[in-house]
Protein chains: 2
Amino acid sequence: MTRVLVVDDEPQIVRALRINLRARGYEVDAAPDGRTALDLAARRHPDVIVLDLGLPDMEGAEVIKGLRGWTSVPIIVLSARHASEEKVETLDVGADDYVTKPFGMDELLARLRAAVRRAAPPEEDAVVVTDDFTVDLAAKKAVRDGADVRLTPTEWHVLEVLVRNAGRLVSQQQLLREVWGPSYENETGYLRVYLAQLRRKLEKDPSRPRHLITEPGMGYRFER
Amino acid sequence: MTRVLVVDDEPQIVRALRINLRARGYEVDAAPDGRTALDLAARRHPDVIVLDLGLPDMEGAEVIKGLRGWTSVPIIVLSARHASEEKVETLDVGADDYVTKPFGMDELLARLRAAVRRAAPPEEDAVVVTDDFTVDLAAKKAVRDGADVRLTPTEWHVLEVLVRNAGRLVSQQQLLREVWGPSYENETGYLRVYLAQLRRKLEKDPSRPRHLITEPGMGYRFER
DNA sequence: GGCGGGCGTTAGAACGGCGTTAAGGCGGTG
DNA sequence: CACCGCCTTAACGCCGTTCTAACGCCCGCC
């Protein structure tokens with residue numbers, strides 16, 4: 001779950017943000033001043049910070065610098081000041097975005113989504129592991145006994161559909177449609193050939209498949 | 001040097017941006033429409049894109065989607081529309097920031113600095129070593145048997161994309177998009193020529209490549 | 001117990017894709 | 001203006017993939 005730290009000394013703004021963020025599945029912490037904000041940021045490691053300028057105890061710029069000393073968490077600044085110099089200074093000390101009050105909640109949430117999105121790690125590899133072999137969907141790679149297994153485009157495509165539906169039955173028609181196209185729905189012979197190929201390359205005992213399983217008369221299923 | 005791609009069909013805005021950016025040491029490319037923008041983005045790999053909505057040939061959202069299909073370069077949108085829905089939609093399809101016209105040049109430049117700053121990679125050791133050769137991504141150099149290998153710009157670009165995706169399969173379309181641009185996705189002949197060149201210059205036995213590997217029908221893969 | 005349909009397995013032929021080379025064209029440089 | 005790299009393009013031969021057909025097996029059904 002995404003964690004948001006809201007820093008503002010006006011209770012009604014904190015309240016409005018808390019309600020809106022909670023409703024969208026965010027976890028919300030709140031701090032009424034800069035000191036508490038720095039403390040909570042260190043302890044709770046939020047995924048994004050919404051920071052109101054004009055806190056009672058510290059300059060906004062000081063809060064940002066205090067954060068930037070050790071974290072690159074996205075900071076979205078809220079401010080009543082429209083002055084260009086203030087925006088420039090705030091952004092240049094390390095803020096990621098600057099929203100002027102009064103602000104539209106929809107827009108703030110959209111900017112928050114954008115900030116979280118680009119801070120997210122670039123995409124993890126979707127790796128599926130079985131006792132006998134490993135399938136890396138992102139790298140388009142299958143490994144067995146430590147060695148890469150070479151798969152042809154069609155073999156890979158069939159395997160991919162099955163693995164993405166791991167544990168579920170995939171009907172022959174569905175497989176044929178996704179790999180060969182809608183007009184090949186009756187070519188069940190293709191499936192027999194390619195499933196045999198895949199088993200020969202991946203299963204320990206191809207005659208007794210443990211992962212690429214036939215459901216007679218229905219379709220095929222990948223079990224990890 | 002930081003490279004900026006300015007996308008706008010109004011010459012005076014392009015001109016103003018170009019002058020201001022040049023004066024601050026940026027390298028500036030400009031595109032008057034979406035099609036040119038996508039092409040230039042692929043060929044020049046800007047560090048940030050300033051995109052005006054309301055281009056003559058494409059919807060702004062379409063341009064953003066076209067970019068987001070293969071790159072995470074920061075996109076700062078310029079727009080005359082202040083409507084909240086437009087901001088939300090634009091940010092949600094992948095824009096990083098949304099600035100309404102008329103805009104202050106100082107503010108835009110500050111937002112641009114912020115976008116570039118947070119996109120900057122955390123100073124990685126960009127040296128990849130294999131048994132047969134070494135690739136230094138930062139220095140843009142390849143070394144084999146202690147001697148520098150001379151690579152043409154295109155050769156280097158192809159190698160760079162493959163090395164940055166080390167171990168992962170890179171499809172022919174992806175490779176062509178990133179090196180030649182989206183309109184070259186069918187020119188698979190280029191790949192055959194350039195992969196042959198790279199193998200001849202880098203592999204010990206070019207007829208049996210150990211690192212620049214072809215996956216027939218799918219793409220290419222760099223293995224260290 | 002014979003029969004037929006579905007499935008697994010194998011091999012070969014056709015096709016398209018890939019590696020390789022070299023020549024032409026283009027732009028940049030001295 | 002001539003030269004030189006680099007990119008593009010085309011031609012050719014080879015290799016891998018896909019398709020197709022044939023055969024054997026198992027199982028349920030008549």
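Lettering of chains follows the sequences in order, A, B, ..., and the numbering in each one begins at 1.
Test A:K204, A:R224, A:R210 against A:D131 for side chain to side chain donor-acceptor pair (under 3.5 Å) and you get one pass: A:R210.
A:R177 has a carboxylate O that lies under 4.0 Å from a charged side-chain N of A:E185, or vice versa, which qualifies the two as a salt bridge.
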B:E223/A:K141 under salt bridge (Lys or Arg N to Asp or Glu O under 4.0 Å): CA gap, chis, key distance, verdict: CA-CA 12 Å; B:E223 287 284 10; A:K141 211 162 126 177; 3.3 Å; yes
Where protein sits on nucleotides 15-30 of chain D, one letter per nucleotide: B base, S sugar-phosphate only, - none, heavy atoms under 4.0 Å: -SSSSB----------
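By the 6.0 Å contact criterion, CZ on B:R81 is open, its count of non-hydrogen atoms from other residues, nucleotides or ligands being 12 or less.
Among residues two or more places apart in sequence or in another chain, the ring-ring contact (aromatic ring centres under 6.0 Å, His included) test is passed with B:F133 by B:H211.
With rounding to whole Å, B:R221 atom CZ is found 17 Å from C:dC18 atom C1'. As rounded to whole Å, 13 Å separates atom C1' of C:dG8 from atom CG of A:L191. In this structure, B:L195 places its CG atom 14 Å from P of C:dT21, rounding to the nearest Å.
Note on A:S207: only backbone sugar-phosphate atoms sit closer than 4.0 angstrom, heavy atoms only; bases stay farther off. Residue contacts shown for A:Q172 are limited to sugar-phosphate atoms, with no base heavy atom under 4.0 Å away.
The shortest distance between side-chain heavy atoms of A:T90 and A:I64 falls below 4.5 Å.
With B:D136 contributing its side chain and B:A138 its backbone, the two residues share a donor-acceptor pair below 3.5 Å. Between the side chain of B:R221 and the backbone N or O of A:A139 there is at least one donor-acceptor pair closer than 3.5 Å.
One axis for each end of the helix from C:dG1-D:dC30 to C:dG30-D:dC1, each built from five base pairs, and the angle between them comes to 20° at 10° resolution.
Comparing C:dT20, C:dT9, C:dG19 by their nearest atom to the side chain of B:T214 picks out C:dG19.
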